[in-house]
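One structure is given here, and the rest of the page talks about it.
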Protein chains: 2
Amino acid sequence: MGTGSAAFLLAQVGAYAARKFDERLGELELTPPQAGLLRAIAMQPGRSQQAIAEQLGTAPTRLVALVDGLERRGAIQRRRNPDDRRLHALFLTEGGQQLMRSIGQVAMAHGADLTAALDDSERAQLQRLLLRIAEDKKLAAGVHPGFGSI
Amino acid sequence: MGTGSAAFLLAQVGAYAARKFDERLGELELTPPQAGLLRAIAMQPGRSQQAIAEQLGTAPTRLVALVDGLERRGAIQRRRNPDDRRLHALFLTEGGQQLMRSIGQVAMAHGADLTAALDDSERAQLQRLLLRIAEDKKLAAGVHPGFGSI
DNA sequence: TATTGTTATACTCTATAACTATA
DNA sequence: TATAGTTATAGAGTATAACAATA
């Protein structure tokens, strides 16, 4: 296996990054899937639950409970499309946008802590190399692995 | 959040690496926790289930079913310590050692595929940077995140 | 009484399949 | 009949607590 191979380290450090980010999200009383959903809505508001489920690579049924929770909390809204009343378009509320800003701050602090051992040029280099892999593997830009199937 | 921040990309690419490795382990009919346990035993045979659970950062109860499965399969053995018959020392069998070699091959192919977009010097650079982070964060060397708590 | 491992129980998360309402 | 979303059911995985054997 090679204790320190790049792939092994990637899985190891990546899991650590995800876990720590999860912990920090906990301070906002959010789970990674919730944050991923908020982010997906923020990227392109007004889409149906199906469209978002497809982007996130998950089954539409899984969104229901997530949407319920975030709606109860006042972070997002379902709005029925008057032209086709089967569709629920999803939007962030004011509070939801504020929440996204908080997530952004948390992510920033997380990123700084995670790469604290690197200087600026090393951090940029790491980012470049990871981006090359992400593009090669066609990982959807901006879709955090809070959803299992990426 | 910064769509392409180093931390975000790390979680994203790391999750992809873990998932792909999981798929490849499937060819050997192994799960990530099983592979992690085999590896832990291979690193230092003869330890008790408790000692291994502690290294893996998991509850000892979780090992029971894993050890059962791998023992039924003939990959590992429980041996009672005659001096303290409460302890079950764990060892790899011949077949278990062969299985570890297969895992090594699978991991090698996995690593080559994952970093296919990089040349040798870039791969080495990535490895160096990740290792710096792993050391900074005191991630246990050689413990794959098949176990949630790393 | 303390410790190792096991068993039993419950809980979380997710996937799958039926159902409803709209079209 | 087909589609969007919901609800119901079941399954995997894991954590917690009670238990038995040994010290």
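To find a chain, count down the sequence lines: A is the first, B the second, and so on, and within it residues start at 1.
Nucleotide C:dG5 holds its P atom 13 Å from the CZ atom of B:R85, rounded to whole Å. Note: CZ (A:R79) to C1' (D:dG5) measures 18 Å, nearest angstrom. Atoms CD (A:E54) and P (D:dG5) sit 12 Å apart, rounded to a whole Å. Here the C1' atom of nucleotide C:dT14 and the CZ atom of B:R19 are 16 Å apart, to the nearest Å. The CZ atom of A:R62 sits 16 Å away from the P atom of D:dT6 (whole-angstrom rounding). Separating the CG atom of B:L66 from the P atom of C:dT7 is a distance of 14 Å, rounded to the nearest angstrom. Taking atom CG on B:D84 and atom C1' on C:dT3, their separation rounds to 8 Å, with Å as the unit. Nucleotide D:dT16 holds its C1' atom 16 Å from the CG atom of B:L63, rounded to whole Å.
Heavy atoms of B:R80 sit nowhere under 4.0 angstrom from any nucleic acid atom. Contact annotation for B:T61: base contact, defined as any heavy-atom pair under 4.0 Å involving a base atom.
Without hydrogens or angle criteria, A:E122 side chain to A:D119 main chain gives a donor-acceptor distance under 3.5 Å.
Taking the side chain of B:R86 as heavy atoms from C-beta on, and the options C:dT3, C:dA15, C:dA21, the nearest nucleotide is C:dT3. Of the candidates D:dT14, D:dT22, D:dG5, the closest approach to any side-chain atom of A:H88 belongs to D:dG5. Of the candidate nucleotides C:dT22, C:dA15, D:dA23, C:dA15 has the atom nearest to the side chain of A:T58.
When the nearest nucleotides of DNA chain C are assigned to A:N81 and B:R47 by heavy-atom distance, the more 5′-ward of the two goes with B:R47.
With hydrophobic clusters built from ILVMFWY side chains whose heavy atoms lie under 4.5 angstrom apart, A:V67 does not share a cluster with A:F91. Grouping the Ile, Leu, Val, Met, Phe, Trp and Tyr side chains by contacts below 4.5 angstrom, directly or via other members, places B:V64 apart from B:I52. Criterion: ILVMFWY side-chain heavy atoms under 4.5 Å apart, direct or through other members. Under it, B:L90 and B:L87 are not part of a common hydrophobic cluster.
Considering all non-hydrogen atoms of both residues, A:L126 and A:T115 come closest at CD2-CG2, 4.4 Å.
Between A:Q50 and D:dA4 there is a side-chain N or O to OP1 or OP2 distance below 4.0 Å.
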